Amino acid sequence: MVPTRGWPRLIALLGVAWIGCSAPSESTAALTTTPTLSAMEWTLDWHLDGATPVTGDRWALTTDLGYEVILDAGFIVTSLVSLVPCDTDTGLARALNWVLPIARAGHPPFDDPSLVKLGAKESFTPARSATLPGTAFPPTAYCSVYWLTARGAPATDAANTSLHARGEWRRNGKTGPVAIDTNFARAMIDDLPPLDAEVRAAHGVVSRSVGSLFDGIDFETDNEYAIGWGAIKNLTDHATFHWE
């Protein structure tokens, strides 16, 4: 007969071993959407979103209205990028997208040490990413991210231009020029995605879309102001932010 006196103890030990093997431990790191940060590095990036390369640095894309666009040249001017402190009231700002203050002054209606002023011309023909030098600042609780495109400074090759695009459109046998040179300013403002609550120095990526740049634009009927505003709105509405 097989002795049974030690079976309960053996079964308990096997149970512990089985639980240990079948249930790997999960990370206990707490996530937060209001991190307290004291250093930041930014990358400005592009999503192709259906745009495909043709010859040289040119892009081909099809809009949601069925326009085939060949993009020969294009750039935007990134005015600044910043984290937004949690104690900043962004309710009305989100509703209006801070358009009026931006249009007048080219900067946001808040100030923060994390803000990086650039006034930099970014080509999207070709679309390249750029990582900015890191910045350090006093520990602050942040809730949002802010990226602004606005006209370039006087006496620069982007003076009075926030977005420039040149190319050609085609639809239903018709063709025409894509000729955008606008000074409209607009910002992307969004809540921060979750981040490890222990992180104090972070790396964030702002990505813009090439493929959706002309969505909703009717090149045959829209005037130059509607086309310019439509492109700027698409640029900011489709911009995204993530931690890296």
Side-chain angles (χ1 to χ4, degrees), residues 12-13 15-49 76-98 101-102 106-120 122 124 127-150 185-210 212 235-244:
L13 289 173
V16 170
W18 181 81
I19 292 172
C21 293
S22 63
S25 61
E26 297 182 359
S27 172
T28 58
L31 297 178
T32 180
T33 55
T34 59
T36 296
L37 299 175
S38 58
M40 188 71 182
E41 185 178 62
W42 298 91
T43 293
L44 302 175
D45 201 6
W46 294 93
H47 286 313
L48 298 186
D49 290 335
I76 64 169
V77 175
T78 285
S79 179
L80 59 89
V81 64
S82 181
L83 298 170
V84 183
C86 291
D87 60 6
T88 300
D89 183 3
T90 62
L92 181 60
R94 287 172 187 269
L96 298 178
N97 195 244
W98 285 340
I102 292 167
H107 59 74
F110 73 98
D111 191 22
D112 187 77
S114 71
L115 188 150
V116 180
K117 292 183 179 180
L118 291 169
E122 287 188 83
F124 48 86
R128 295 193 179 105
S129 64
T131 298
L132 310 179
T135 58
F137 38 85
T140 305
Y142 292 104
C143 284
S144 309
V145 60
Y146 183 87
W147 167 73
L148 169 66
T149 180
R186 199 166 189 262
M188 176 269 279
I189 178 171
D190 206 355
D191 295 335
L192 292 177
L195 181 68
D196 186 330
E198 300 300 317
V199 169
R200 294 293 175 265
H203 182 182
V205 181
V206 177
S207 296
R208 289 69 50 86
S209 171
V210 176
S212 63
L235 186 71
T236 50
D237 282 354
H238 298 156
T240 62
F241 176 84
H242 71 270
W243 301 112
E244 190 170 85

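Every heavy atom of this structure was used, including side-chain atoms; hydrogens, water molecules and symmetry mates were not. Since we're looking at a predicted model, the values are computed, not measured.
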Report yes if the side chains of [X] and [Y] come closer than 4.5 Å at any heavy-atom pair, otherwise no.
| X | Y | value |
| --- | --- | --- |
| Thr149 | Thr236 | yes |
| Trp243 | Asp196 | no |
| Leu195 | Leu37 | yes |
| Pro85 | Cys143 | no |
| Asp191 | Thr33 | no |
| Phe241 | Pro193 | yes |

side-chain contact (heavy atoms from CB on, under 4.5 Å) evaluation trace for Val81 with Lys117 | CA-CA 7 Å; Val81 64; Lys117 292 183 179 180; over 6 Å; no

side-chain hydrogen bond (donor to acceptor under 3.5 Å, both in side chains) with [X]: which residues, sequence neighbours excluded?
| X | value |
| --- | --- |
| Trp42 | none |
| Thr32 | Thr34 |
| Asp112 | Ser114, Tyr142 |
| Thr131 | Thr43 |

Only counting residues at least two apart or in another chain, list the ones meeting side-chain contact (heavy atoms from CB on, under 4.5 Å) with [X].
| X | value |
| --- | --- |
| Leu118 | Leu44, Thr78, Val116, Ala120, Leu132 |
| Pro139 | Thr36, Ser38 |
| Ser207 | Asp45, His47, Val205, Thr240, His242 |
| Ala239 | Trp147, Met188, Arg208 |

If you count the non-hydrogen atoms of other residues, nucleotides and ligands that lie under 6.0 Å from CZ in Arg200, is the total more than 12?
->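 Atom CZ in Arg200 is packed in, count exceeds 12.
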
Distance-minimising heavy-atom pair for Arg128 and Trp46 =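 Nearest heavy atoms, Arg128 then Trp46: O-CD1, 3.3 Å.
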
Any idea which heavy atoms bring Ala127 and Val210 closest together, and the distance?
->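 Between these two residues, the closest heavy atoms are CB-CG2, 4.4 Å.
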
Apply the test side-chain contact (heavy atoms from CB on, under 4.5 Å) to residues Ile189 and Val145: give CA-CA distance (whole Å), side-chain angles for both, the deciding distance (0.1 Å), then the verdict.
-> CA-CA 6 Å; Ile189 178 171; Val145 60; over 6 Å; no

Kindly compute the distance separating CG (Leu83) from OH (Tyr146), expressed to the nearest 0.5 Å.
->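 Rounded to the nearest 0.5 Å, the CG-OH separation comes to 13.5 Å.
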
Mind checking the OG-CG spacing from Ser212 to Asp49? Nearest 0.5 Å is all I need.
->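 Ser212 OG to Asp49 CG: 5.5 Å, rounded to 0.5 Å.
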
Okay, side chain of Thr88, backbone of Cys86: is any donor-acceptor separation there less than 3.5 Å?
->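 No.
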
Can you list the steps and then say if Val84 with Phe110 is a side-chain contact (heavy atoms from CB on, under 4.5 Å)?
-> CA-CA 8 Å; Val84 183; Phe110 73 98; 3.9 Å; yes

